[in-house]
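Worksheet: the structure to be examined is printed underneath.
All chains are named by letter (A, B, ...) in the order of the sequence lines, taking the proteins before the strands, and each is independently numbered beginning at 1. All figures in this text were calculated on a predicted structure; none of them were measured in a lab.
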Number of protein chains: 2
Amino acid sequence: MKSMASTSEKILDVAQSLIVAGGYNGFSYADISAAIGIRKASIHHHFPTKAELVSVLVDRYRRQAEAGLESLRGELSSPAEQLQSYMNYWRTCIRDASPSFCVCAMLAGEMQMLPEEVASRVRAYFQNLAGWLTSVLRAGMEQDLFRLNNRPEEEAQMLMASVHGAMLSARAFSDPGLFTTIVTPQITRLLGRDC
Amino acid sequence: MKSMASTSEKILDVAQSLIVAGGYNGFSYADISAAIGIRKASIHHHFPTKAELVSVLVDRYRRQAEAGLESLRGELSSPAEQLQSYMNYWRTCIRDASPSFCVCAMLAGEMQMLPEEVASRVRAYFQNLAGWLTSVLRAGMEQDLFRLNNRPEEEAQMLMASVHGAMLSARAFSDPGLFTTIVTPQITRLLGRDC
DNA sequence: TGCTGTCTACCTATCAGTAGGTAGGCAAGG
DNA sequence: CCTTGCCTACCTACTGATAGGTAGACAGCA
């Protein structure tokens with residue numbers, strides 16, 4: 001009864017963890033094949049080309065993120081809590097699994113040499129996340145929960161950059177706690193504590 | 001008289017631009033060979049293994065950064081100007097050459113699958129940069145130029161994450177201006193403008 | 001003479017991707 | 001009921017290209 005995951009979903013799961021560890025060029029069909037115990041050729045049956053596999057993967061990732069963020073907005077009334085909860089998600093990921101990282105932040109670094117079909121989907125993820133953060137910040141501003149020094153779109157970009165940069169630093173220093181150290185004050189700052 | 005660069009320096013230069021574009025797994029000896037017009041085997045003469053090449057490259061990169069940051073501290077008396085000037089360096093890089101990125105930020109993402117000799121050097125770069133930023137922030141704080149809400153070490157980490165995250169975003173959105181949009185307010189914030 | 005840098009020619013391993021075949025499920029038709 | 005035909009999922013075996021790396025020859029220069 002456990003793990004009803006289809007083969008193609010297993011392939012995507014493994015590929016995702018491999019991308020998180022080493023990026024687009026950091027994994028091969030052979031790696032996936034070894035991890036889930038089917039032949040290389042069988043993976044090509046599900047995903048004819050690598051670009052297609054990663055495209056599907058990024059689409060799925062964006063949809064999952066979209067759904068997760070949307071449900072945060074539904075379950076938590078306060079924009080401040082929504083923001084905090086988004087940050088907590090990553091804090092937990094990074095604390096529990098050291099190899100944790102945002103798939104799209106990883107791929108964004110390799111943007112220049114990604115197949116266009118993949119690159120455009122990474123852009124879509126960034127746009128999506130920026131949009132969600134913007135609307136949460138705007139809502140918080142209108143409720144006088146946040147005291148923003150810049151336009152919501154800009155503050156959203158700043159926050160997003162902090163989160164991704166914090167992931168990078170946490171990984172560089174092999175220190176999961178560093179993520180919180182970096183991100184928490186950025187959220188605190190928005191809570192009007194500065195005036 | 002122009003370009004007295006030795007072959008090994010040319011190799012490192014090309015390798016660096018290739019890493020910036022696609023990371024450790026994103027380039028090969030064949031790529032370098034094609035770019036500077038010598039055979040693959042000749043590159044092995046200068047750098048027997050890829051791990052060694054990248055180790056030397058990161059060492060050189062760290063030394064150059066170290067020297068550059070140190071000279072900023074020598075030439076500019078105000079910590080605020082020093083910080084601004086560090087940020088300007090990257091702003092210019094990113095504006096002028098779209099494929100611009102910090103070598104070590106790139107490699108930090110791949111940390112998990114980097115040869116240990118490379119990984120440790122990437123860590124050294126991050127430590128070095130964090131140290132410089134910390135000391136600049138501390139100096140500015142003591143001169144009452146900065147109004148820090150956190151300890152200088154933490155603010156340094158926050159700033160570093162913002163810079164690297166901003167590079168990522170600028171690349172993801174193919175928008176060099178986004179780097180400034182993200183980083184400038186972070187510096188402004190330190191200038192005590194918030195009270 | 002011996003060292004430095006480059007070359008040609010090669011190696012083994014792995015890459016993404018293909019060709020062609022097999023086993024089983026399922027549905028239509030006799 | 002059972003056969004025919006198609007489908008999905010997987011397989012073995014292979015391709016051409018490329019990966020990082022090596023061996024040994026040769027030319028020029030100290």
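- Pairs of residues two or more places apart, or lying in two chains, never qualify as salt bridge (charged side-chain N to carboxylate O under 4.0 Å, His left out) while including a residue from residues 18-44 of chain B.
- Asp13(B) is linked by a salt bridge (Lys or Arg N to Asp or Glu O under 4.0 Å) to Arg60(B), counting only residues two or more places apart in sequence or in another chain.
- Contacts between residues 14-29 of chain B and DNA chain C, defined by a heavy-atom separation below 4.0 Å, involve no residue at all.
- For residues 101-117 of chain A, every residue pair satisfying the side-chain hydrogen bond (donor to acceptor under 3.5 Å, both in side chains) rule, not counting sequence neighbours, is listed here: Glu116(A)-Arg123(A).
- Counting only heavy atoms from C-beta outward, the side chains of Val14(A) and Phe27(A) never approach each other to under 4.5 Å.
- The distance from atom CD1 of Ile187(B) to atom CG of Leu83(B), rounded to the nearest 0.5 Å, is 4.5 Å.
- Per the geometry, NZ belonging to Lys50(B) stands 12 Å off C1' belonging to dT18(D), to the nearest Å.
- In this entry the distance linking CZ of Phe47(A) with P of dT18(C) reads 16 Å, nearest Å.
- In this structure, Leu53(B) atom CG and dA19(D) atom P are separated by 14 Å, rounded to whole Å.
- The separation between Ile32(B) atom CD1 and dG21(D) atom P is 11 Å, rounded to whole Å.
- Heavy-atom minimum distance, Pro79(A) versus Ser77(A): CD-O, 3.4 Å.
- Residue pairs satisfying the salt bridge (charged side-chain N to carboxylate O under 4.0 Å, His left out) criterion with at least one member in residues 155-164 of chain A, sequence neighbours excluded, are listed as follows: Glu155(A)-Arg189(A).
- The nearest pair of heavy atoms linking Ala15(B) to Leu53(B) is CB-CD2, 3.7 Å.
- Sorted by first then second residue, the salt bridge (charged side-chain N to carboxylate O under 4.0 Å, His left out) pairs that include residues 131-140 of chain B, not counting sequence neighbours, are Arg138(B)-Glu153(B).
- Minimum heavy-atom separation, Asn25(B) to Gly26(A): ND2-CA, 3.8 Å.
- When the local axes at the two ends of the helix from dG2(C)-dC29(D) to dG30(C)-dC1(D) are compared, using 5 base pairs at each end, they differ in direction by 10° after rounding to 10°.
- Every residue two or more places apart in sequence or in another chain that forms a salt bridge (Lys or Arg N to Asp or Glu O under 4.0 Å) with Arg121(B) is listed here: Asp59(B).
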**Fill in**
Scoring nucleotides 5-11 of chain C by protein non-hydrogen atoms under 4.0 Å (B base, S sugar-phosphate only, - none) yields BBBBB--
Could you list, one pair per line, each protein nitrogen or oxygen that sits under 3.5 Å from a nitrogen or oxygen of nucleotides 26-29 of chain D, together with the distance?
none

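- Shown here are the ring pair (Phe, Tyr, Trp, His ring centres under 6.0 Å) partners of Tyr125(A), two or more places apart in sequence or in another chain: Tyr61(A).
- The salt bridge (charged side-chain N to carboxylate O under 4.0 Å, His left out) contacts involving residues 67-85 of chain B comprise Glu70(B)-Arg73(B), where partners must be two or more places apart or lie in separate chains.
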